Protein chains: 2
Amino acid sequence: MKSDKISESTTNRLSIYLRCLKAVAASGATTVSSKALADDFHLNSAQMRKDLAYFGEFGVRGLGYSVDTLCDHLTKILGLDKEHRVAIMGAGRLGTALADYYGFRRANFTVTALFDNDREKIGTRIGEVKVLDAKNFAATVKRDNIELAVIAVPASCAQMVFEDIVAAGIKAVLNFAPAALRKSSSDVKLKTVDLTTSLESLSFFLAQPAKQNSTNRKRKTKGGRNTAK
Amino acid sequence: MKSDKISESTTNRLSIYLRCLKAVAASGATTVSSKALADDFHLNSAQMRKDLAYFGEFGVRGLGYSVDTLCDHLTKILGLDKEHRVAIMGAGRLGTALADYYGFRRANFTVTALFDNDREKIGTRIGEVKVLDAKNFAATVKRDNIELAVIAVPASCAQMVFEDIVAAGIKAVLNFAPAALRKSSSDVKLKTVDLTTSLESLSFFLAQPAKQNSTNRKRKTKGGRNTAK
DNA sequence: TGATGTGAAGCGGTTCACAGCC
DNA sequence: GGCTGTGAACCGCTTCACATCA
């Protein structure tokens with residue numbers, strides 16, 4: 001009921017619950033129990049109930065959850081009932097790939113513009129989206145009501161770009177640059193997706209002696225590890 | 001000393017330490033203390049010492065760490081002293097963007113090939129990298145000694161592709177598809193980067209009443225939150 | 001003196017197990 | 001009977017604080 005102090009692991013999982021529920025809805029079921037969902041998508045049923053309990057009592061004891069109403073609740077909780085406008089900083093490979101990433105549209109995000117300072121790129125189009133001069137960023141944010149920015153520039157200029165973003169009044173930032181950005185005001189939410197770190201973490205795993213044998217592990221409802229982290 | 005039971009948070013941070021150390025090395029310093037590093041890159045000094053302690057005693061009391069030797073140690077620990085060969089599954093926007101992602105090369109990863117089953121794409125080139133027929137995947141893995149696979153296909157076929165990857169004997173997988181993949185054998189390391197979830201988590205933040213005021217927080221050595229999660 | 005390495009305390013998230021309600 | 005909602009136990013990572021050593 002009190003949506004205070006929700007951990008990031010919880011919000012990540014909410015997103016996953018919604019995805020799973022949509023799959024269930026597509027299969028035609030109208031009601032689902034936490035256990036059934038957990039089994040089908042290898043989640044943890046107790047954890048799911050606890051996550052949902054932060055926001056209300058959506059279930060019916062002895063029965064489970066109504067698929068549709070829970071979908072609606074989660075959509076609203078995650079703020080996906082309203083459109084969010086997005087700017088992408090950097091029109092390189094990654095920026096342009098993101099510009100027509102289907103997931104944006106699916107989640108009610110609209111990429112309004114790409115920003116770059118390369119004269120060659122400014123004025124071109126990626127699908128429907130124009131590449132604009134980074135100089136006009138702040139003005140465009142105001143005019144187009146942009147709420148979210150994606151950093152897809154090289155690490156060397158990421159900090160500078162981040163400060164411009166904050167200065168323009170944007171409160172949510174998704175960062176792809178492999179750099180630890182310093183945030184001055186803490187009412188800005190910064191989420192970093194660090195491919196280098198992910199990659200090197202996998203490399204670490206490959207470098208290990210690979211001593212684990214896959215057969216002698218607990219194998220109950222749990223199955224895989226939780227996906228959200 | 002015992003490199004057993006290293007948590008993922010720790011390996012992620014090791015990667016970040018290495019990055020920071022390289023920046024320090026570039027600045028010309030030859031020695032650095034955990035506190036100095038922590039201050040400059042807003043890390044936690046105690047945590048860094050503890051992370052390193054899993055692997056040995058690299059520091060000198062009263063002095064700190066030798067930048068070069070610690071770099072070498074971390075490079076070896078993360079397995080970055082050996083080249084790793086990578087296959088990317090899916091030659092869509094994301095796959096092709098990743099194919100010439102600079103971070104791969106920097107971290108001693110070599111993208112050997114892209115795989116797709118679209119006749120239109122097979123045979124084309126993305127920079128230096130050829131797009132091959134997914135049918136030849138297993139054979140190519142053997143021939144080219146591919147150790148790591150990246151999933152950049154739509155969610156609907158991700159599970160199938162993942163199973164092919166595991167069947168081909170690959171032990172480390174980076175998944176970009178918004179899908180919870182089931183792994184049968186647990187000696188495969190699967191790391192998922194879920195853009196949809198990241199995005200929706202930011203949306204959740206935007207949907208909150210924004211009650212926090214940024215001024216009344218502890219502000220000591222800690223500064224920002226830890227970057228690795 | 002200064003900075004490492006580390007036991008111990010602290011804390012937050014996960015899992016358990018059961019009371020409560022349909 | 002079945003399944004939710006939730007206090008309590010549990011667990012692992014983080015932080016503290018200090019003994020230890022150059």
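Quick caveat: nothing in here was measured; it's all calculated off a predicted structure. Note on naming: letters A, B, ... go to the chains in the order of the sequence lines (proteins, then strands), and numbering restarts at 1 for each one.
Taking atom CE on B:M48 and atom P on D:dC13, their separation rounds to 19 Å, with Å as the unit. The interatomic distance linking A:N12 (CG) with C:dG12 (P) rounds to 18 Å, in whole Å. Rounded to a whole Å, the CZ atom of A:R13 is 12 Å from the C1' atom of C:dT15. For the pair A:F58 CZ and C:dC22 P, the computed distance is 17 Å after rounding to whole Å. As rounded to whole Å, 13 Å separates atom C1' of D:dC3 from atom CG of A:D39. Summarising the geometry, the separation between CD1 on A:I6 and P on C:dG12 is reported as 14 Å, rounded to the nearest angstrom. Going from atom CD of A:E57 over to atom P of C:dG20 covers 14 Å, rounded to whole Å.
Here the two rings, on A:F137 and A:F115, have centers that are under 6.0 Å apart.
Summarising the geometry, atom CD1 belonging to B:I88 is positioned 5.0 Å from atom CG belonging to B:L114; distances are rounded to the nearest 0.5 Å.
Here A:R61 does not reach the OP1 or OP2 of D:dG1: none of its side-chain N or O atoms lies under 4.0 Å away. Note on A:S34: a side-chain N or O is less than 4.0 Å away from OP1 or OP2 of D:dT4. In this model, the phosphate group of D:dG2 is not approached by any side-chain N or O of A:Y65 to a distance below 4.0 Å at OP1 or OP2. Applying the 4.0 Å criterion to OP1 and OP2 of D:dC13, one finds that B:S9 has every side-chain N and O outside that range. The phosphate of C:dT15 (OP1 or OP2) has no side-chain N or O of A:R49 nearer than 4.0 angstrom.
Between B:E163 and B:R182 there is no salt bridge, since no side-chain N of the basic residue sits under 4.0 Å from a carboxylate O of the acidic one. Note on B:K76 versus B:D72: no salt bridge recorded, every NZ/NE/NH1/NH2 to OD/OE distance being 4.0 Å or above.
Proximity of A:F162 to A:I151: side-chain heavy atoms (C-beta onward) are separated by under 4.5 Å at one or more points.
Each of C:dT4, D:dT4, D:dA17 was ranked by its minimum atom distance to the side chain of B:A46; first place goes to D:dA17. Looking at the side chain of B:K50, the nearest of the listed nucleotides C:dT14, C:dG13, C:dA8 is C:dA8. The side chain of A:Q47 approaches C:dT14 more closely than any other nucleotide in the set C:dT6, D:dG7, C:dT14.
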